[in-house]
Q: 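I have a structure here, written as structure tokens, and I will follow up with some questions on it.
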Protein chains: 2
Amino acid sequence: MTILEQIDKINRQLTAKGYKLTSQREITLQILLENENDHLSAEEVFMLVRAKFPEIGLATVYRTLELLSELHIVEKMNFGDGVARFDLRDDSHAHMHHHLICTDCGLVKEIKDDWLSEIEKRIENEFGFKVTDHRLDFTGSFNNCTSGDCKRKSKAVS
Amino acid sequence: MTILEQIDKINRQLTAKGYKLTSQREITLQILLENENDHLSAEEVFMLVRAKFPEIGLATVYRTLELLSELHIVEKMNFGDGVARFDLRDDSHAHMHHHLICTDCGLVKEIKDDWLSEIEKRIENEFGFKVTDHRLDFTGSFNNCTSGDCKRKSKAVS
DNA sequence: ATTCATGCAAACCATTTGCAGATCA
DNA sequence: TGATCTGCAAATGGTTTGCATGAAT
């Protein structure tokens with residue numbers, strides 16, 4: 001699916017709920033799509049959006065991210081560094097979206113693998129709990145990480 | 001291990017690093033031990049501690065929790081409700097500490113089961129990443145949860 | 001004496017909100 | 001026209017920090 005097709009799909013989701021796809025929202029979506037693996041903070045999204053749309057206000061970015069979050073279009077997450085971070089949600093990867101967080105250099109590597117479907121079934125049976133989403137983060141360090149000087153394949157979280 | 005024995009053990013960990021077990025810190029530890037499964041926020045810890053030690057300041061509680069967190073005596077976590085929550089860490093359960101978060105009533109149920117040891121081995125082999133800790137939270141809902149009126153076995157997170 | 005710890009109040013900073021004007025259906 | 005949306009600035013609220021005092025070795 002191209003970026004335009006994705007935006008178009010999201011546009012339909014928005015209008016279905018009575019929301020409008022304004023220029024501000026469209027550009028915010030573009031930024032999120034262009035940085036799909038980066039776990040951007042609201043401030044970072046704001047700066048990137050402002051480069052294309054200087055009049056935008058920070059509050060609008062927060063409101064957009066909040067809205068997209070409620071509609072489950074983006075996922076709001078927290079790595080414990082005091083800021084919320086956002087990622088576009090890819091439904092096909094709902095059960096395959098985990099993180100390796102390196103405590104030496106701060107790198108956050110995203111890994112996609114289906115590890116939990118089995119466990120989720122057991123949870124439903126054993127606890128009577130219907131899982132709609134999960135979060136699985138590992139902290140530790142990369143064997144080849146020379147503290148603070150990792151090859152950064154993803155956005156680092158200080 | 002009794003509470004006193006646990007405090008004694010932690011006292012040794014503190015003095016080993018040059019920190020003192022002050023009355024404030026001891027009472028804070030007591031509160032954490034008495035509420036081991038409750039995921040208390042700093043404010044909640046503060047209120048409980050103040051009941052036993054009215055002169056204590058909120059900043060001291062924050063500093064104590066931060067200290068214990070750095071020493072890996074408590075675990076600092078975040079369920080996305082805007083406040084940090086704290087739990088005493090039990091090393092024997094390091095790999096068996098997960099959460100079921102009910103989106104209907106806010107209940108956070110803690111479950112202890114060893115699901116990830118296997119996966120952690122695979123991560124070390126496949127990614128060259130040595131796991132020291134992890135976090136596994138499931139969101140969803142309990143089948144018997146009549147929204148907002150769950151049997152609360154644990155501390156709810158609004 | 002020196003180092004560490006505390007309480008208080010002020011500062012900080014990410015996020016939210018009130019409001020008046022702009023935009024879209 | 002009425003609803004939604006935006007930008008700005010102010011408010012909020014959890015957390016941190018500066019500083020002078022207090023405790024412990």
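Every chain is numbered from 1, with letters handed out A, B, ... down the list of sequences. Below, all heavy atoms of this structure are taken into account, side chains as well, without hydrogens, waters or symmetry copies.
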Q: List every contact pair, protein side and nucleotides 8-18 of chain D side both N or O, where the distance is under 3.5 Å.
A:
{"unit_1": "dT15(D)", "atom_1": "OP1", "unit_2": "A84(B)", "atom_2": "N", "d": "2.8"}
{"unit_1": "dT15(D)", "atom_1": "OP2", "unit_2": "Y62(B)", "atom_2": "OH", "d": "2.5"}
{"unit_1": "dT15(D)", "atom_1": "O5'", "unit_2": "Y62(B)", "atom_2": "OH", "d": "3.3"}
{"unit_1": "dG18(D)", "atom_1": "O6", "unit_2": "R63(B)", "atom_2": "NH1", "d": "3.4"}

Q: What is the distance, rounded to the nearest whole Å, between atom CZ of F46(A) and atom C1' of dT16(C)?
A: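 Roughly 15 Å, once rounded to whole Å.
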
Q: What is the distance, to the nearest angstrom, from the CG atom on L29(B) to the P atom on dA5(C)?
A: 14 Å

Q: Rounded to the Å, how far apart are L65(A) CG and dA14(C) P?
A: 15 Å

Q: Tell me whether E34(B) contacts the main-chain N or O of I31(B) through its side chain, where contact means a donor paired with an acceptor under 3.5 Å.
A: no

Q: Over how many whole Å does the gap from D81(A) atom CG to dC13(C) atom P extend?
A: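 Roughly 14 Å, once rounded to whole Å.
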
Q: Which label fits W115(A) and H98(A): parallel for a plane angle under 30°, tilted from 30 to 60°, or perpendicular past 60°?
A: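 Rings of W115(A) and H98(A): parallel, under 30°.
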
Q: Without decimals, in angstroms, what is the distance between K20(B) NZ and dA23(D) C1'?
A: 7 Å

Q: Please pick, from dG7(D), dC4(C), dC5(D), the nucleotide with the shortest atom-to-atom distance to any side-chain atom of Q24(A).
A: dG7(D)

Q: Using a cut-off of 4.0 Å on non-hydrogen atoms, how would the nucleic acid contact of F53(A) be classed: base, sugar-phosphate, or nothing?
A: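 Sugar-phosphate: the residue F53(A), judged by heavy atoms under 4.0 Å, touches backbone atoms but no base.
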
Q: Give the rounded distance in Å between these two atoms: NZ of K17(B) and C1' of dA5(C).
A: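 The distance from NZ of K17(B) to C1' of dA5(C) comes to 19 Å, rounded to the nearest Å.
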
Q: Between E70(B) and K76(B), is there a side-chain N and carboxylate O pair less than 4.0 Å apart?
A: no

Q: Examine dT6(D): is either OP1 or OP2 under 4.0 Å from a nitrogen or oxygen in the side chain of T60(A)? Give yes or no.
A: no

Q: Please figure out whether G18(B) or V61(B) has its closest DNA chain C nucleotide nearer the 5' end.
A: G18(B)

Q: To the nearest Å, give me how far apart CG (L40(A)) and P (dA14(C)) are.
A: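 Spelled out: CG on L40(A) to P on dA14(C) is 15 Å.
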
Q: My understanding is that only one of R135(A), E75(A), H134(A) makes a side-chain hydrogen bond (donor to acceptor under 3.5 Å, both in side chains) with H97(A); could you say which?
A: E75(A)

Q: If the plane angle is over 60° it's perpendicular, under 30° parallel, otherwise tilted; pick one for F79(A) and H39(A).
A: perpendicular

Q: T60(A) side chain to I56(A) main-chain N or O, any donor-acceptor pair under 3.5 Å?
A: no

Q: Between atom CG in N11(A) and atom C1' in dC5(D), what is the gap in whole Å?
A: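 It works out to 15 Å between those atoms.
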
Q: Please evaluate residues I7(B) and L33(B) with respect to the criterion side-chain contact (heavy atoms from CB on, under 4.5 Å), reporting the C-alpha separation (whole Å), side-chain torsions for both, the decisive distance (0.1 Å), and the verdict.
A: CA-CA 9 Å; I7(B) 290 183; L33(B) 284 160; 3.6 Å; yes

